[in-house]
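Reviewing the structure listed below.
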Amino acid sequence: MKSIIPEPMIPKPFRIHRKLKETHDTYTIELESTNGADGFPFSAGQFNMVYVFGVGEVPISISGDPSIPKMLRHTTRSVGTVTKAILKLRSGDVLGVRGPFGSHWPVNEAVGNDVIIVAGGIGLAPLRPVLYSFISQRDKYGKIILLYGARTPEDLLYKKELEQWRGRFDLEVKVIVDSATGNWRGNVGVVTTLIPRIQFDPLHTVAMICGPEVMMRYTLKELQSRGIKNENIFVSMERNMKCGICLCGHCQLGPKFVCKDGPVFCYDHIKELFGKREI
Amino acid sequence: MNIVILESDHLQILLDVLRKRGYQVIGPTLGDGAIVYDGLNTTANLPIGWTDEQDGGTYRLKKRNDKALFGYNVGPHSWKKYLLPSELRLWKIKRNGNSFQIVTENEATQKFAFIGVRSCDIHAISIQDKVFMNGQYIDQHYKSQRKDTFIVAVNCGKAGGTCFCVSMNSGPRATFGFDLAMTEILEGENHYFLIETGTELGAEILREIPHKEASEKQKCAADDILKNTAEQMGRSMDTSNIKDLFYRNHEHPRWNNVAERCLTCANCTMVCPTCFCTTIEDVTDLTGEHAERWRKLDSCFTMDFSYIHGGSVRSSIKSRYRQWITHKLATWIDQFGTSGCVGCGRCITWCPVAIDITEEVDAIRKSEPVSERQTTEAVEIKGS
Amino acid sequence: MQTLEPYLAEHPFLEGLEPYQLKIIVGCASNVRFDAEQYILREGEEATNFYIIHQGKVALEIFTSDRGPITIQTIGEGEVLGWSWLIPPYQWHYDARAIEPTSAIALDAKCLRAKCEEDHDLGYELLKRFTHVITQRLEATRLQLLDVYGVH
């Protein structure tokens with residue numbers, strides 16, 4: 001007899017291999033399938049539903065390297081019951097994982113273009129897989145520019161990697177924080193103010209944005225004023241998700257289902273919905 | 001199509017045949033002061049000689065002066081009670097060292113025969129079929145339940161006070177999606193059903209029940225009844241260009257007006273035969289060794305529905321009502337290629353403050369300058 | 001002075017000015033350099049100059065007694081530092097500290113104010129350009145106030 005639910009509704013056990021502290025409230029967990037052999041292929045920008053035994057399940061984007069499917073990585077901030085429970089787990093503990101779900105960043109479509117990645121706060125997590133992909137095929141792209149805004153210098157994710165990337169001659173990395181005390185030597189301000197400071201070919205540039213909706217809204221305006229076309233701008237949207245497979249109705253954004261049509265959308269396809277209130 | 005006559009006394013045989021074939025027979029019956037759907041043992045369980053009076057926020061049972069078996073309209077229940085159960089366990093999980101083991105529930109084994117499915121509800125079922133069986137992922141529970149469902153439609157002999165199936169092109173005559181369809185006719189002492197066959201299985205079952213050919217006169221009588229019903233609709237809705245009407249009125253003073261009345265009680269989503277949203281609930285026992293996952297019907301009228309860390313996307317009442325009606329009448333069309341409304345009128349009847357979906361559409365439509373309406377109509381004509 | 005004119009003509013802030021207007025501005029300009037950690041201006045002091053940053057990075061700071069200096073904005077190449085020189089009583093509202101070795105062009109405030117009073121076309125043109133800078137700054141401040149990355 002067949003199960004009543006499609007296979008993607010059944011969590012698979014994954015063991016925590018390592019837990020890395022990123023900031024005071026944000027951790028990256030590295031997960032391995034408990035049966036060892038299975039990899040976890042995914043595309044940059046996709047998300048998983050992560051289940052903590054008896055506590056509940058939340059959608060979390062995948063923050064690891066798509067070319068290393070054996071190591072599944074999630075970066076999560078403890079803001080709710082489930083994410084707080086995740087951060088209490090230790091190496092060796094087991095989580096349930098369903099996925100990967102949703103659309104992905106246009107990594108292949110961007111080949112031959114300049115690329116601007118604009119991340120705000122935890123929004124860098126779903127964009128990190130993009131950076132891994134770009135760096136592994138660096139010669140296929142024009143300029144690669146990462147603009148990353150965070151609350152304070154203490155809230156920056158992936159500090160070591162950011163420093164490595166900034167040290168490369170073929171990446172332009174600009175980091176900015178909303179406020180800082182005296183010993184921070186980097187930029188202070190909002191991430192949108194970095195956009196006038198960069199050079200790129202507007203007609204051959206693909207932009208990818210992820211962060212709080214209001215940050216994306218102003219980033220879009222700034223990118224548009226620099227001449228990037230709507231069809232070359234991609235954003236990652238967030239809505240409540242329960243099933244991940246377009247059956248529960250929670251993640252609607254107007255006529256779109258964020259779990260299936262998103263989370264990554266071409267801005268041109270949702271420009272009528274973007275910024276609409278309480279939609 | 002061959003149309004036959006089934007005497008009302010022989011309806012019991014249909015129920016018996018279906019039961020013998022392993023169906024659990026479900027149909028309308030009196031319960032909780034309304035006509036609801038429940039198991040039918042005999043035709044005596046049907047609301048014989050009863051009818052209902054419906055209006056905004058009003059539902060009353062009333063005695064008819066005849067012995068009609070289906071002389072009423074739809075009540076608070078719809079067939080999703082059986083096809084999309086309000087609570088369903090998806091799996092059980094057991095801790096196993098520091099890993100776990102999941103046991104999933106198996107496909108349904110119950111076979112349902114629905115007696116007295118109205119045309120609006122057939123449309124509703126076909127809309128949910130699109131939601132659960134036409135996408136990238138299939139809801140197996142729904143599919144297995146649907147696969148074995150036998151549908152006996154009843155064409156409506158009268159329209160209710162909140163009915164508007166004619167506007168939605170979904171009734172009152174059942175035109176598809178049934179195994180058998182009946183029109184009830186009462187002419188003095190004569191009480192019979194005109195039966196139309198929709199599927200081979202329907203025909204096979206019909207062969208086991210005494211019946212005779214329908215005369216032209218009898219067919220005409222049925223047509224007259226349905227024509228009459230179509231003219232009696234308690235409500236109507238102008239659906240022309242309705243998707244764009246909602247898309248261009250995301251901001252509109254009417255939303256504040258309806259928000260002052262709406263209690264966000266979620267009744268409309270519960271009685272709606274197409275509303276399909278569900279949530280997931282994980283529960284655990286006291287030992288912490290066992291947990292279960294349940295799927296439960298949910299409503300877009302709750303604050304939790306759109307909650308993401310930090311708050312609800314739709315925290316105002318106006319936004320939640322707007323989401324519901326816009327989904328039903330506009331975004332549904334983009335999502336599933338069909339309206340999400342079948343004109344059954346349940347949301348109007350069962351709204352405690354009598355918010356009326358047809359009235360809300362009308363208010364928004366009439367508020368637009370005539371020039372705008374004319375332009376869109378002109379485009380429509382040009383496009384068609 | 002001859003070396004400054006072509007540079008100023010191309011600077012995004014002054015781009016497109018009439019040649020005679022540019023000449024007036026060049027007449028009030030001088031080259032300046034600041035070492036890292038050097039304060040360029042301090043809160044409460046008279047606003048005698050404004051600066052067009054050529055190279056380097058400058059932090060605008062507010063000093064707080066409990067947390068020390070808080071950086072509220074950084075300004076870099078191609079941007080403009082200071083608008084208090086335009087508005088009486090011509091006093092700086094914040095501290096500005098070079099956080100990298102910074103070269104800039106200083107424009108003498110008194111000189112420029114006098115020229116603007118004489119030539120309202122120039123004054124209006126400069127005000128439009130400063131309004132743009134101030135608007136951008138205001139928008140950024142509002143976004144910072146929203147604390148969009150915080151847990152709410």
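Worth knowing before you read on, the calculation uses all heavy atoms, side chains too, and leaves out hydrogens, waters and symmetry mates. Each chain gets a letter, A, B and so on, in the order the sequences are listed, and its residues count up from 1.
In this structure, B:Lys143 places its NZ atom where only 12 or fewer heavy-atom neighbours from other residues, nucleotides or ligands lie under 6.0 Å away. Few gaps surround CZ on B:Arg261; more than 12 heavy atoms of other groups in view lie less than 6.0 Å from it. When the shell of 6.0 Å around CD of B:Gln101 is examined, it contains 12 or fewer heavy atoms from other residues, nucleotides or ligands. By the neighbour-count criterion of 12 heavy atoms within 6.0 Å, atom NZ of B:Lys92 is sparsely surrounded, having that number or fewer from other residues, nucleotides or ligands.
Neither side chain, B:Thr331 nor A:Gln252, offers a donor N or O lying under 3.5 Å from an acceptor on the other.
Interatomic distance, CD of B:Gln136 versus CG of A:Leu247, reported as 10.0 Å (0.5 Å rounding). Distance OG1/A:Thr81 to CG/B:Asp282: 11.5 Å, rounded to 0.5 Å.
There is no contact between B:Ile333 and chain A, counting heavy-atom distances below 4.5 Å.
Between chain B and the residues A:Gly54, A:Cys248, A:Gly254, A:Gly249, the most heavy-atom pairs under 4.5 angstrom are made by A:Cys248. Ranked by heavy-atom pairs shorter than 4.5 Å toward chain B, the options A:Gly80, A:Gly96, A:Pro255 are led by A:Pro255. If you tally non-hydrogen atom pairs under 4.5 Å between each of B:Ser144, B:Ser312, B:Ala330, B:Ser315 and chain A, the highest count goes to B:Ser315.
The backbone N or O of B:Thr278 sits less than 3.5 Å from a side-chain atom of A:His250, completing a donor-acceptor pair.
Partner of A:Met9 under the side-chain contact (heavy atoms from CB on, under 4.5 Å) criterion, chosen from B:Ile280, B:Thr104, B:Asp139: B:Ile280.
Note: B:Phe100 and A:Phe53 have tilted aromatic rings, judged against thresholds of 30 and 60 degrees for the angle between ring planes.
Using a 4.5 Å heavy-atom cutoff, the side chains of A:Glu278 and B:Arg322 are in contact. Within the 4.5 Å cutoff, the side chain of A:Lys242 has no heavy atoms near those of the B:Arg295 side chain.
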